[in-house]
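Since the structure comes first, as structure tokens, the remarks are kept for the end.
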Amino acid sequence: MWFIGVDGTMRTYDVIYNVVRRIPYGQVATYGQIADLAGMYGKARLVGYALYRVVVDSDVPWHRVVNAQGRVSESPFRNGSDALQRVLLEAEGIQFRADGTLSLREYLWRPDVLENNP
DNA sequence: CCGTTGACGGCGA
DNA sequence: ATCGCCGCCAACG
């Protein structure tokens, strides 16, 4: 499998990426939520570190991860991927408020509810 | 083996 | 509400 290293070990960040891959189209998850689901409760920042390493054209839907305020985390180090993130989310039907936040109540992924269903 | 590097979140003033 | 502070850590050179 692509997420297992040649030595057979799955790296820490790969565990995080695998959770991110489960976020459904049109929904979002928070950094803290991903950490929790990855068995790294309280380590939201680690998720941020991991996503920083992801390349834009990755198979990991990195754009579906926002912060606990329902806002795209911006940083000059992201070199524009933060602006792209909003564009990609809007392309999935997610609407942003005037203050730059999105409705977590409406778009937050709830894994426990039912994975796939219309 | 270090030193550097960064997409968070919660809590207090 | 809106700041600042701080815990926390894998990957890379």
Side-chain angles (χ1 to χ4, degrees):
Chain A
M1 301 282 236
W2 28 262
F3 53 84
I4 302 290
V6 286
D7 58 354
T9 59
M10 185 185 296
R11 289 148 68 203
T12 301
Y13 283 1
D14 289 322
V15 176
I16 292 172
Y17 299 147
N18 286 338
V19 176
V20 174
R21 275 187 262 255
R22 294 175 48 210
I23 307 173
Y25 179 97
Q27 292 185 243
V28 300
T30 65
Y31 294 91
Q33 181 184 6
I34 296 300
D36 199 358
L37 292 170
M40 306 174 191
Y41 181 77
K43 301 179 185 175
R45 195 166 190 178
L46 191 59
V47 175
Y49 297 151
L51 289 181
Y52 174 77
R53 312 274 182 174
V54 175
V55 288
V56 170
D57 62 4
S58 164
D59 62 311
V60 177
W62 55 270
H63 61 284
R64 298 187 187 135
V65 184
V66 297
N67 60 36
Q69 289 74 242
R71 189 184 293 275
V72 168
S73 287
E74 296 177 19
S75 165
F77 294 99
R78 294 188 61 175
N79 199 232
S81 75
D82 40 9
L84 173 62
Q85 181 171 359
R86 173 171 173 152
V87 172
L88 292 175
L89 289 176
E90 289 177 326
E92 295 191 4
I94 292 176
Q95 296 185 297
F96 284 78
R97 304 189 184 93
D99 66 356
T101 64
L102 54 79
S103 171
L104 287 177
R105 254 202 335 189
E106 184 175 3
Y107 304 115
L108 187 68
W109 176 39
R110 293 174 178 79
D112 48 303
V113 177
L114 295 173
E115 283 283 319
N116 37 316
N117 198 42

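Note on naming: letters A, B, ... go to the chains in the order of the sequence lines (proteins, then strands), and numbering restarts at 1 for each one.
Using a 4.0 Å cut-off, some side-chain N or O of Tyr52(A) falls inside it from OP1 or OP2 of dG6(B).
Protein chain A contacts DNA chain C over a range whose 5' and 3' limits, counting nucleotides with an atom under 4.0 angstrom from a non-hydrogen atom, are dG7(C) to dC12(C).
Of all the heavy atoms in Pro111(A) and Leu37(A), the pair that sits closest is CG-CD1, 3.9 Å.
Rounded to whole Å, atom P of dC8(B) lies 15 Å from atom CG of Leu104(A). Computed from coordinates, the Asp82(A) CG to dG6(B) C1' distance equals 14 Å when rounded to whole Å. dG9(B) atom P lies 15 Å from atom CE of Met40(A), rounded to whole Å. Rounded to whole Å, the distance from CD on Gln85(A) to P on dC8(B) is 11 Å. Rounded to whole Å, the distance from CG on Asp36(A) to C1' on dC8(B) is 14 Å. Atom CG of Asn79(A) and atom C1' of dG6(B) are 14 Å apart (whole Å). With rounding to whole Å, Leu46(A) atom CG is found 18 Å from dT5(B) atom P.
At the heavy-atom level, Phe77(A) lies under 4.0 Å from the strands shown only through sugar-phosphate atoms.
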Dot-bracket notation for DNA chain B, counting Watson-Crick and G-U pairs under 3.5 Å, with | for partners on another strand: .|||||.||||||

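Atom OG in Ser103(A) sits 5.0 Å away from atom CZ in Arg97(A) (nearest 0.5 Å). In this structure, Tyr25(A) OH and Ile94(A) CD1 are separated by 9.0 Å, a value rounded to the nearest 0.5 Å. To the nearest 0.5 Å, the span separating CH2 on Trp109(A) from CZ on Arg64(A) amounts to 10.5 Å. Rounding to the nearest 0.5 angstrom, the gap separating the CG atom in Leu51(A) from the CH2 atom in Trp62(A) is 9.5 Å.
Where stacking is scored as ring centres under 5.5 Å apart with planes under 30°, Tyr49(A) registers as stacked on the base of dG6(B).
Between Tyr13(A) and Arg45(A), the one whose closest nucleotide on DNA chain C sits nearer the 5' end is Arg45(A). If Gly42(A) and Arg53(A) are placed on DNA chain C by their nearest nucleotide, the residue sitting closer to the 5' end is Gly42(A).
Here the side chains of Val66(A) and Gln85(A) are in contact, with some heavy-atom distance below 4.5 Å.
Under the 3.5 Å distance criterion, with hydrogens and angles disregarded, no donor-acceptor pair is assigned to the side chains of Tyr49(A) and Arg53(A).
Atom CG of Asp99(A) has more than 12 neighbouring heavy atoms from other residues, nucleotides or ligands inside a 6.0 Å radius.
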Test side-chain contact (heavy atoms from CB on, under 4.5 Å) applied to Leu46(A) and Tyr13(A), step by step: CA-CA 9 Å; Leu46(A) 191 59; Tyr13(A) 283 1; 4.0 Å; yes

